[in-house]
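Note that the structure is a prediction, hence the values are computed from the model and not measured. Letters go in sequence order (proteins before strands), and every chain restarts at 1.
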2 protein chains.
Amino acid sequence: MDKPLKKPSRIQIRNRKVILEAALEVFSRYGFRGATLDQIAEQAAMSKPNILYYFEGKEAIHDALLTRLLETWLDPLREMDAQGDPKSEILGYVRRKLDMSRDFPRESRLFANEILQGAPRMMPVLEGELKALVDEKVAVIRGWIAAGKMAEMDPYHLIFSIWALTQHYADFDSQIRAVLGHDGAIAEAEPFMEALFTRLLAR
Amino acid sequence: MDKPLKKPSRIQIRNRKVILEAALEVFSRYGFRGATLDQIAEQAAMSKPNILYYFEGKEAIHDALLTRLLETWLDPLREMDAQGDPKSEILGYVRRKLDMSRDFPRESRLFANEILQGAPRMMPVLEGELKALVDEKVAVIRGWIAAGKMAEMDPYHLIFSIWALTQHYADFDSQIRAVLGHDGAIAEAEPFMEALFTRLLAR
DNA sequence: TAAGTTTTTTACCATTTGGTAAAACCAACG
DNA sequence: CGTTGGTTTTACCAAATGGTAAAAAACTTA
């Protein structure tokens with residue numbers, strides 16, 4: 001049923017990458033429904049039928065992007081180590097998420113668009129993989145709190161607050177730039193976040 | 001040039017409201033480009049030409065929603081009083097924003113969609129009205145800091161952090177529900193936010 | 001109730017959109 | 001050199017989409 005059962009050629013590898021890069025640009029701005037194959041084709045400097053030679057259809061491109069995103073999206077949280085010191089582990093998580101907002105803002109917006117629309121394609125992953133990972137780390141944080149190593153608080157909302165604060169700088173970038181009148185908000189945000197979480201975690 | 005120069009009839013008032021309500025539902029989910037007039041028509045239980053009898057076109061409906069949104073969107077920040085106590089003023093602002101996320105999640109998502117897409121229609125307002133209001137309140141906060149009434153910090157990022165934390169609960173609702181496995185996250189979030197900002201502001 | 005006005009429906013239309021068929025092209029390799 | 005397999009283009013298509021014209025229906029008011 002699938003098109004390429006053999007190993008992909010050099011041209012295939014290159015063109016798939018070009019298409020995914022173009023599609024990321026378009027999907028991250030307009031969401032799945034708002035994006036068009038013609039836009040992606042233009043961005044990729046390729047004809048529309050040629051794009052459909054490499055991917056089964058619009059949905060397949062979007063799925064490929066989401067799948068690729070998931071491979072790295074959860075890494076920063078996975079790295080949080082139960083054996084480590086709460087403050088440095090959580091600040092490390094914040095820094096890694098902030099780095100991702102700086103280095104991969106389009107991926108962040110792609111994710112935001114999917115969630116805004118009710119996560120029609122990612123809901124199973126959210127309820128499965130993501131929930132499992134969060135539950136695991138919540139247990140870790142509960143352990144730290146029970147051991148008196150950090151202040152008492154709801155670990156779920158601690159994690160939500162980290163997501164909110166860090167992703168905001170990628171997703172609402174245009175608003176932030178409009179208000180500040182300049183770029184580089186994330187660099188300014190880092191010391192602010194460090195102070196915020198330092199004060200929050202202290203017992 | 002405009003259609004109704006006279007005062008609108010009762011039917012006009014009712015149907016415009018029905019259309020805007022339906023359009024809010026659709027635009028807040030799919031964004032401007034991803035939403036269709038047919039979806040709005042179905043949601044409004046009205047024929048498409050009938051909708052176009054009340055509004056000039058798709059864009060006019062969207063504009064009407066954004067305009068209506070702006071009337072109340074900035075109110076919570078406007079209410080922040082320079083004469084008041086920093087802690088209660090800022091906590092009050094957080095609570096009002098959180099209330100808006102609970103009571104008007106669709107409006108929050110409509111706004112989020114617009115910003116995600118680079119604010120093509122709202123950029124002038126962001127650079128004008130919003131920036132002016134934020135600059136004013138930043139000056140107020142700087143005054144509080146200078147008077148030793150709260151901890152030192154970057155007031156811009158304090159405001160950004162309030163936007164991020166409060167709006168996250170409306171915009172990323174489906175993710176939060178997937179992870180928690182239940183509703184009512186905002187009710188849980190309120191004490192968390194209070195603790196967070198109490199600790200952040202204390203000198 | 002009849003005339004005038006507003007509202008709604010029916011029947012369209014041009015463009016856009018996701019997608020396909022098949023011809024043309026091209027890069028090896030025997 | 002010519003054949004073979006992968007790649008790209010050209011020419012389409014059906015459905016969806018934003019929008020319009022005009023008739024029909026419903027409501028108002030003299």
Side-chain angles (χ1 to χ4, degrees), chain A residues 1-66 113 117 120-121, chain B residues 1-66 113 117 120-121:
Chain A
M1 280 295 148
D2 288 20
K3 276 249 188 70
L5 288 174
K6 322 270 172 176
K7 47 193 157 190
S9 72
R10 242 163 283 106
I11 295 177
Q12 270 171 11
I13 291 171
R14 173 176 53 83
N15 280 350
R16 272 174 204 259
K17 219 187 292 182
V18 167
I19 292 168
L20 287 178
E21 161 71 21
L24 176 60
E25 196 71 31
V26 178
F27 280 131
S28 68
R29 269 257 121 74
Y30 301 107
F32 179 75
R33 293 226 41 198
T36 73
L37 281 178
D38 292 280
Q39 283 178 290
I40 296 171
E42 199 195 335
Q43 183 79 29
M46 238 182 246
S47 71
K48 183 165 60 176
N50 204 12
I51 281 180
L52 291 167
Y53 172 74
Y54 289 102
F55 287 91
E56 300 263 333
K58 185 186 179 184
E59 191 146 19
I61 303 176
H62 193 249
D63 284 355
L65 281 176
L66 284 186
N113 259 308
Q117 288 168 30
R121 295 151 219 281
Chain B
M1 279 295 148
D2 288 20
K3 276 251 186 69
L5 286 175
K6 324 266 172 179
K7 46 193 158 189
S9 70
R10 239 164 285 103
I11 295 178
Q12 270 171 11
I13 290 171
R14 173 175 54 81
N15 280 350
R16 272 174 204 259
K17 218 186 295 182
V18 168
I19 292 168
L20 287 177
E21 161 69 21
L24 176 60
E25 196 70 29
V26 178
F27 280 131
S28 67
R29 270 257 121 74
Y30 301 106
F32 179 74
R33 293 225 41 199
T36 72
L37 281 177
D38 291 281
Q39 283 177 292
I40 295 170
E42 199 194 336
Q43 183 80 29
M46 237 181 246
S47 72
K48 183 166 60 175
N50 203 12
I51 281 181
L52 291 168
Y53 171 76
Y54 290 103
F55 287 91
E56 300 264 332
K58 187 185 179 185
E59 192 146 20
I61 303 176
H62 193 249
D63 284 356
L65 281 176
L66 284 187
N113 259 308
Q117 286 167 32
R121 295 149 219 283

Rounded distance (nearest 0.5 Å) linking atom NZ of Lys17(B) with atom OH of Tyr54(B):
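The OH atom of Tyr54(B) is 13.5 Å from NZ of Lys17(B), to the nearest 0.5 Å.
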With rounding to the nearest 0.5 Å, note down the distance linking NE2 in His62(B) to CG in Leu24(B).
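So the NE2 of His62(B) and the CG of Leu24(B) are separated by 10.0 Å.
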Modelled atom types, side-chain donor and acceptor of Gln39(A) and Arg29(A), under 3.5 Å:
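Absent: no donor and acceptor within the cut-off.
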Compare the minimum distances between each of [options] and the side chain of [X], then state the nucleotide with the smallest one.
X: Lys48(A); options: dG18(C), dT7(C), dA21(C); value: dG18(C)
X: Asn50(B); options: dT20(C), dT20(D), dT8(C); value: dT8(C)
X: Ile11(B); options: dT7(C), dT20(D), dT10(D); value: dT7(C)

When all nucleic acid strands are considered with a 4.0 Å heavy-atom cut-off, which category describes [X]: base, sugar-phosphate, or nothing?
X: Ala60(A); result: nothing
X: Ala41(A); result: nothing
X: Thr36(B); result: sugar-phosphate

Using a 4.5 Å cut-off on heavy atoms from C-beta on, say whether the side chain of Val26(A) contacts that of Glu42(A).
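No. Closest side-chain heavy atoms not under 4.5 Å.
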Is the phosphate of [N] approached by [X] (side-chain N or O, under 4.0 Å from OP1 or OP2)?
X: Asn15(B); N: dT8(C); result: yes
X: Arg33(A); N: dA16(D); result: no
X: Gln12(B); N: dT7(C); result: yes
X: Tyr53(B); N: dT8(C); result: no

Could you state the [atom1]-[atom2] distance from [X] to [N], rounded to the nearest angstrom?
X: Tyr30(A); N: dT16(C); atom1: OH; atom2: P; result: 16 Å
X: Tyr54(B); N: dT9(C); atom1: OH; atom2: P; result: 10 Å
X: Ile13(A); N: dT7(D); atom1: CD1; atom2: C1'; result: 15 Å
X: Leu37(A); N: dA14(D); atom1: CG; atom2: C1'; result: 16 Å
X: Asp38(B); N: dA15(D); atom1: CG; atom2: P; result: 15 Å
X: Leu52(A); N: dT10(D); atom1: CG; atom2: P; result: 16 Å
X: Arg14(B); N: dC27(D); atom1: CZ; atom2: C1'; result: 12 Å
X: Phe55(B); N: dT20(D); atom1: CZ; atom2: P; result: 15 Å

Look at the aromatic rings of Phe27(A) and Phe32(A) and report parallel, tilted or perpendicular, splitting at 30° and 60°.
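Ring orientation, 0 to 90° scale: parallel.
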For Phe32(B) and for Ser47(A), find the nucleotide of DNA chain D with the closest heavy atom, then tell me which residue's nucleotide is more 5'.
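Residue closer to the 5' terminus by nearest nucleotide: Ser47(A).
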Does Gly57(A) or Arg10(A) map to a spot on DNA chain C nearer the 5' end, using the closest nucleotide for each?
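Counting from the 5' end, the first nearest nucleotide belongs to Gly57(A).
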